[in-house]
Structures are given as C-alpha cells and as structure tokens.
Amino acid sequence: MSEERSPLAPPEAAEVAKEASTTNASPVAAAAGEVADIAEIAVSENASPASASPAASVEATSAPTVDAPAGPAAAELAAAVPLPLDVGGRLRSAREEKGLTLTEAAQSLKLSARQIAALESGDWSQLPGPTFVRGFLRNYARLLQIDIAPLLVALDAEQPVAPPPKLALPPGAGGTLPQDGRPERRDTLVVLGGLALVVLAFAVYFLVPENFWANRSANNDAAPATETSSPAEATPAEPVEAPAANEGDKALSADADKTAPTVPAAAPASPVAAPAPSRELPKDPAKEAVAGKEAVKDTGIRPLATPAAPAVQAPAAPSAPAAAASAKPTVPSPAVSTKPVSPQATATPSALSASPANAATSAAASKPLAAAAPSAPAASSTPPAASDAQLTFSFAQPSWVEVRDRSGQIVFSQLSPAGSERRVDGRPPFTLVVGNATHVTVRYKGKSVDLSPRSKDDVARLTLE
Amino acid sequence: MFSFLRSYFSNDLAIDLGTANTLIYVRSKGIVLDEPSVVAIRLEGGPNAKKTIQAVGKEAKEMLGKAPGAITVIRPMKDGVIADFTVTEQMLKQFIKKVHDSKLLSPSPRIIICVPSGSTQVERRAIRESAIGAGASQVFLIEEPMAAAIGAGLPVADATGSMVVDIGGGTTEVGVISLGGMVYAGSVRVGGDKLDEAIINYISRNYGMLIGENTAENIKKMIGSAFPGAEVREMEVSGINKAEGIPRKFTISSNEILEALTEPLNQIVSAVKSALEKTPPELGADIADKGMVLTGGGALLRDLDRLLMEETGLPVIVADDPLTCVARGCGLALEKMDKLGSIFASE
C-alpha cells in the first residue's frame with residue numbers, strides 16, 4: 001500500500017492516506033476493537049496534517065507504516081513486499097507500532113534516549129562500536145519482538161566492515177624507566193663511553209710514537225730557522241755562488257777553515273757563513289767579516305781543516321759581496337733573537353788585537369757550555385742548520401745516553417759518570433734517548449734543550465732537528 | 001636457534017582450555033577444534049595391565065555417566081583449573097594431535113592458553129606445565145576476561161573502559177579492561193556446571209528424582225532461563241525415582257528451573273555488582289554508556305542479559321557467538337603475539 005501512495009504528489013497523498021486509513025480502519029474494527037483504536041489514532045493523525053499540506057508528504061509515509069500491520073490482511077501484504085526501510089527505519093516503525101516512545105524504549109533497554117535515536121536514525125558513529133551496535137540492536141529487536149536475523153544482515157550491509165579490533169597499545173614515547181636489577185640504558189652508555197675513552201687513551205699511548213709531538217714542535221721551531229737561513233742559501237743560488245753555497249751546506253764549520261789557504265777569499269766567504277749563523281750570532285756583516293778574518297787567522301792553525309777547503313774558489317770571491325749584501329737583510333730579523341753575545345761580538349772589533357779565537361770563544365763562552373771553548377771556530381760554525389751539528393751533554397748524575405744521527409746509526413751510546421760532559425757531533429736530526437733525564441742538561445746548537453716535556457719515567461726520548 | 005624452522009613446520013595454537021569445552025585456534029586457520037573437555041580412560045586387565053585413553057572430546061562426553069567399571073570418564077578441568085594434571089596433559093596432547101596433520105614431525109607449537117583471572121600461581125603453573133607436557137615449545141598465558149573481550153570485539157587497547165562478563169563452564173570471570181590491561185578482574189567459581197548441579201539438586205529435592213549431568217545440561221539449554229518471561233515452557237525429563245528406584249518420566253517447567261537457578265545466578269549478579277563497585281569512576285562512566293558484554297556459554301542462558309540489566313540498570317549485550325569468544329580472542333592475540341606484550345598474563 002505504501003508503494004502505491006509514495007509516488008503521488010503530497011496533497012493527493014494526504015487525501016489518499018486519509019481514505020486508505022479509513023478504509024483500513026473499517027475491516028480492522030470488525031476484526032479487533034483494540035487495533036481499531038490504533039487505526040483511529042492513525043486516522044486522526046492523518047487528518048490533521050491533511051490541512052497542513054506541506055507536512056503531508058512526511059505524514060503520508062509514516063501513516064501507512066502505522067496502519068500497514070493493523071489488520072491481518074495488511075500485515076500479509078507488508079510481509080509479501082520487501083520493506084524499503086533501513087535498519088533504523090524498521091526499528092522506528094516497529095517501536096511506533098508497539099506504541100512505545102523513545103524514552104520508554106530507552107528505559108527498558110537501560111540505554112539513553114539519545115542512543116535509541118541514534119539506532120533508529122542509523123547514526124552508528126554515535127554508538128560505542130560495532131559490537132555494541134549489534135548488541136543493542138539485538139536487545140532492541142527482542143524488546144520490539146521483531147526478527148533479529150534480517151536486521152543484522154541489513155546492518156552488516158549498512159555498516160562499513162568493522163576493522164579487526166586493535167590490540168596493540170599506541171606506540172609509546174620511547175622512554176624506558178629504570179628497572180630494578182637491570183642497568184639503565186643511560187648507565188650503559190656512560191660506561192661504554194668511558195670504556196671507549198680508556199681504550200682510546202691506551203691506543204694513543206702505545207701507538208702514537210713518543211716523539212710525535214716532539215717532531216711536531218721541532219718542525220714548528222725549525223720552520224723559522226730554515227726560513228731565515230734559506231735566504232742566505234738561496235741568494236748564493238746564483239750559478240757563480242753555487243760552490244760557496246755547497247760549501248755552506250756541506251761543512252759550515254769548515255767555512256772558517258777553507259778561508260785559511262786563501263785569505264782574501266775568506267773574507268767574503270765568512271759573510272756567507274755569517275748570515276746562516278746570524279740566528280745565533282747576529283752581527284753586522286762588516287764586523288763579522290772582520291771577525292771572520294780573525295777567525296781565519298786562527299783557524300788556519302786549527303787542525304779542523306776539512307777537504308772542503310779546496311772547494312773555495314776564486315769565483316766565490318766576486319759573488320761574496322752579493323752574498324754579503326743579500327745576507328744583510330737577513331741579519332736584522334734574527335737580530336731580534338740575538339743573544340747577549342752580539343754586543344760582545346760587536347765589541348770584538350774594538351779589541352781586534354785580541355786573538356780572534358778569543359773573540360769567538362767569548363761568543364761561545366757566553367753560553368754556559370764550556371765545551372764550546374776548545375772549538376771556538378766550531379762555535380761560529382755550529383749555527384749552520386743543515387750541516388753537522390753538535391750536541392753537548394752535561395751530567396749531574398750518572399746517566400746513559402744514546403744518540404742516533406740522520407741515518408739511524410748510533411753515534412753515541414754510553415753510560416756517563418756524574419759530573420762529566422760529553423760532546424757529540426753528527427748529522428741532524430738526532431734521535432736521543434736520555435736516561436736519568438732530570439739530571440742531564442742537553443745543549444743543542446748552543447741552546448739548552450728542555451727534556452722534561454718529552455720525558456717519561458725520567459727517560460727522555462726526543463728528536464732534534 | 002632453530003625455533004623459526006620449528007614454528008614453520010608446526011603452527012602456533014591458541015587454546016581455550018575450558019572446564020566444559022576445549023577450543024583450539026590455529027594461526028591463520030581459525031577455530032579448528034571444539035570438543036568437550038572430557039577424557040575416557042580404559043583400565044586394561046590381564047598380564048599387561050595398563051591404562052589407555054579410550055576417547056576424548058565428544059565421544060568421551062557421550063560416555064559420561066554411561067561407562068562400565070573398566071572405563072573411567074573424567075572431566076580433568078574443574079572450576080576453570082586443572083583437577084587432574086596427567087589427564088589434562090593427555091587430553092591436550094590428543095587434541096593437538098588432532099589439529100596437526102603433519103605426521104612426520106611431532107608437533108611442538110608455541111601455545112597461547114587462557115587461564116581464569118582468579119587462578120592461583122600453582123594453578124597457572126599447572127596449566128603451563130601441562131601444555132608443555134603436551135608438546136608446546138613455549139607457552140604464553142592470557143587471562144580469560146582479556147581473551148573474551150578481544151574475541152567479542154571490544155576496544156581493549158583504547159582508553160575507554162570495557163566490561164566483559166565471561167560465564168564459562170566452571171567460572172564466571174568479570175573484567176574491566178582499558179588500555180590493553182585489566183583494571184579489575186574478578187572471578188567466581190560459578191558457571192554452567194554449577195547451574196547443572198543446581199538443577200540436579202532441585203529436581204532431587206522437589207521431585208525426588210535423580211538425573212544425570214547430561215540431562216541437567218539439556219534441561220538448562222532447553223528451558224532454562226534467568227528472568228521470568230511471559231512464556232512458560234515445559235519439558236519431559238526422565239530420571240530415577242529415589243523412593244521407588246525406578247526410572248520415571250516427569251515434566252518440568254521453565255519457572256521451576258528459574259527457581260532452581262536463582263541461587264547460582266545471584267552469585268553471578270553479585271560478582272558483577274562488586275566489579276562495578278570497584279571500577280574507577282571514569283571507567284564506570286564508559287561502562288554506563290556502553291554497558292557490559294556477556295560471553296561464554298552462560299550468556300546463552302535465556303534472559304540472563306535481562307537479569308543483569310534489571311539488576312544493574314546498565315545495558316547488557318550478548319556477544320556474537322559467545323561460546324567461541326575466548327578462543328577467538330586467544331586466536332587474535334596469537335596472530336599478533338609478537339607485537340603484544342601487555343595483554344599476556346604473568347605467572
């Protein structure tokens with residue numbers, strides 16, 4: 001019957017509904033008086049909206065649902081035709097058919113009226129979840145005495161497929177509280193970090209060569225020295241000068257000696273030597289030349305003459321002034337680091353009559369090492385950086401010292417008694433092992449070397465450039 | 001080391017080792033076994049006298065109360081826990097053998113097995129040991145209310161209170177669950193068995209008739225109800241008349257059964273009420289909104305939900321397929337076993 005009416009226009013529908021309800025009501029009244037009452041209510045309900053035409057269409061649909069099962073014939077008809085209503089609609093119609101209000105239904109189901117309304121409107125999101133929707137529906141259907149099975153089937157069709165219940169808790173924030181008996185993770189980190197540091201320290205201690213830092217600092221020290229000396233060598237790099245430069249490289253100590261045979265040549269030659277030692281004994285080139293002259297005289301006597309002497313050639317002489325000139329600029333810079341020797345050296349010219357050896361010696365004597373004394377020329381010759389160098393040890397207590405030269409050969413290795421002094425000549429760099437280091441004083445190139453930073457267990461290991 | 005290989009060859013199992021029924025869920029297969037927890041043991045005489053297992057499960061249950069002296073029919077579980085350790089172990093072994101088709105390798109699956117929330121440490125240890133004895137390589141325990149809630153599809157991991165009442169054969173478990181854990185768990189040793197017992201006692205007292213356990217269970221299933229309904233049903237029952245000693249038939253009505261069941265049902269109701277009392281208020285509000293969910297075979301007792309609804313004034317719903325809820329919950333936990341920590345019970 002409802003199908004017949006629904007397509008009709010609202011005002012007509014209202015009229016037809018009215019008619020239909022009246023026609024329905026009459027057989028029903030014959031069948032059962034109680035049902036007739038309901039039908040009459042339906043009629044009255046229908047009648048009132050008939051005057052209010054806008055609401056008629058709504059009432060038209062609700063009216064047939066109320067009166068459809070009113071009589072046996074109508075019920076059969078309704079059963080024969082598939083219900084067009086959704087689950088909520090079926091529940092509502094069944095409830096209205098029972099004459100229950102929302103509140104009454106809610107009371108008997110122990111639910112809130114809001115939940116019942118949500119059930120009837122199919123608003124599943126208002127309900128606690130699929131399990132509960134099914135449960136409520138089952139209870140409601142039982143209350144309304146309607147068959148639950150088709151409702152549940154329809155519900156499954158209406159409701160989106162429920163995802164399987166989530167069992168896992170939402171992921172935590174990542175923190176872990178300390179547990180009794182178990183080390184905290186932070187602790188293990190600290191312990192591991194500490195262990196790593198210890199291992200690193202051991203690795204550094206055993207793997208890094210002991211003279212590593214010594215080399216580093218020596219290199220740093222050497223750098224300016226070579227810089228200052230290099231110009232002296234570089235300027236002679238003019239082809240003519242080459243022999244002189246070689247000479248300077250080879251045996252600076254011989255500088256003085258080589259001048260011996262050729263006195264005139266010696267004068268220019270010594271300035272060449274002068275720039276190099278300038279670091280140690282910076283002097284005015286002119287004065288130095290004088291000193292050199294003197295030295296030449298002296299060294300002529302000395303047995304230190306080396307084969308280098310013949311190397312000195314006439315060509316060197318002309319270039320000597322140039323070398324001296326070039327040496328000049330180098331002089332001022334080392335002059336900064338001059339030792340008190342220089343004034344003394346400058347003083348020497350005034351006392352030229354004094355033996356040159358004395359002059360040289362005085363320079364050497366200004367250093368604490370008396371060892372320099374016997375080799376006055378050597379004192380002036382030690383400065384040359386790249387040539388043979390001299391090490392001096394003085395022992396306050398017995399000590400064992402080993403010195404290796406550039407080739408790694410042992411040039412000195414012995415136990416020296418207390419109070420003794422030892423001089424070692426060789427080609428740098430020297431590798432030193434000094435026992436009882438606190439009681440040994442080492443001088444190298446005229447400077448005393450501080451052993452304490454490189455000593456361990458009172459044994460110093462170091463390399464001197 | 002080779003556990004991954006072993007688990008490759010033998011599927012993991014979830015077992016609902018219930019007082020009345022044992023259900024086994026196999027990973028990715030679902031529930032494959034649903035049998036009564038009954039074992040029939042035959043005592044063989046003669047020179048090689050020994051005890052052998054005559055039957056387990058349905059066959060054994062049919063023998064219950066009908067077996068000759070040489071066959072003992074045992075229900076090894078009582079009140080949700082193991083009453084006979086060796087028989088339980090044998091029964092589990094038989095069931096596991098049934099669900100494992102692999103004949104080459106003896107099965108050694110990982111097993112999730114549920115325990116009543118009120119069980120003692122000794123009882124849990126016994127269940128664990130019997131599962132290991134039955135061939136499990138590892139055993140994880142899960143409390144029954146938790147498994148039931150998972151099986152019923154409750155949002156156990158959410159921050160909302162869910163109340164589940166699992167009425168099993170031996171125990172009634174009441175649990176309030178939130179955030180993947182049990183906020184409250186209560187257990188009373190009243191279940192289907194107690195209801196049967198109450199019916200037997202009632203008939204014996206009022207009719208002077210003796211009936212068996214299976215008959216009492218049938219009566220409960222057919223006409224048992226927990227709340228007086230409009231409809232009164234009747235059933236014809238046979239038993240032994242105590243006075244005459246002769247089997248007789250008589251008719252019993254649902255109202256009488258309701259009367260018989262009142263006492264055990266009241267225990268269930270009071271367990272639910274005390275759970276509600278002890279639930280924190282915030283969770284109580286959630287429960288008032290959603291109501292409680294009934295699972296387990298007891299939920300099938302007619303109008304039990306109405307009884308609880310009237311007694312508590314809260315909505316009560318019966319889960320879909322309540323008999324298998326615990327097993328399905330165990331199974332879901334099994335599927336996600338490696339990711340879940342909080343839902344498992346410690347010993």
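A, B, ... follow the sequence lines: proteins, then strands. Residue 1 opens every chain.
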- Task: Can you measure from CG (Leu109(A)) to CG (Leu314(B)) and round to the nearest 0.5 angstrom?
- Result: 13.0 Å
- Message: Tell me whether the count of non-hydrogen atoms from other residues, nucleotides or ligands lying under 6.0 Å of CZ in Arg95(A) goes above 12.
- Response: yes
- Query: Are there more than 12 heavy atoms of other residues, nucleotides or ligands under 6.0 Å from atom CE of Met235(B)?
  - Reply: yes
Nearest heavy-atom pair of [X] and [Y]: which atoms, and what distance?
X: Phe132(A); Y: Gly291(B); value: CE2-O, 4.0 Å
X: Ile317(B); Y: Thr131(A); value: CD1-O, 3.4 Å
X: Arg142(A); Y: Asp303(B); value: NH1-OD1, 3.7 Å

- Query: Measuring heavy-atom distances to chain B, does Gln107(A) have an atom under 4.5 Å in its side chain, in its backbone, in both, or in neither?
  - Reply: neither
- Among Asp320(B), Val318(B), Leu294(B), residue most engaged with chain A (heavy-atom pairs, under 4.5 Å): Asp320(B)
- Task: Find the one option among Thr160(B), Asp305(B), Val293(B) whose heavy-atom pairs under 4.5 Å with chain A are most numerous.
- Result: Asp305(B)
- Item | Any side-chain heavy-atom pair of Lys110(A) and Thr312(B) under 4.5 Å | no
- Query: What residues of residues 277-290 of chain B sit under 4.5 Å from chain A when you count only heavy atoms?
  - Reply: Asp289(B), Lys290(B)
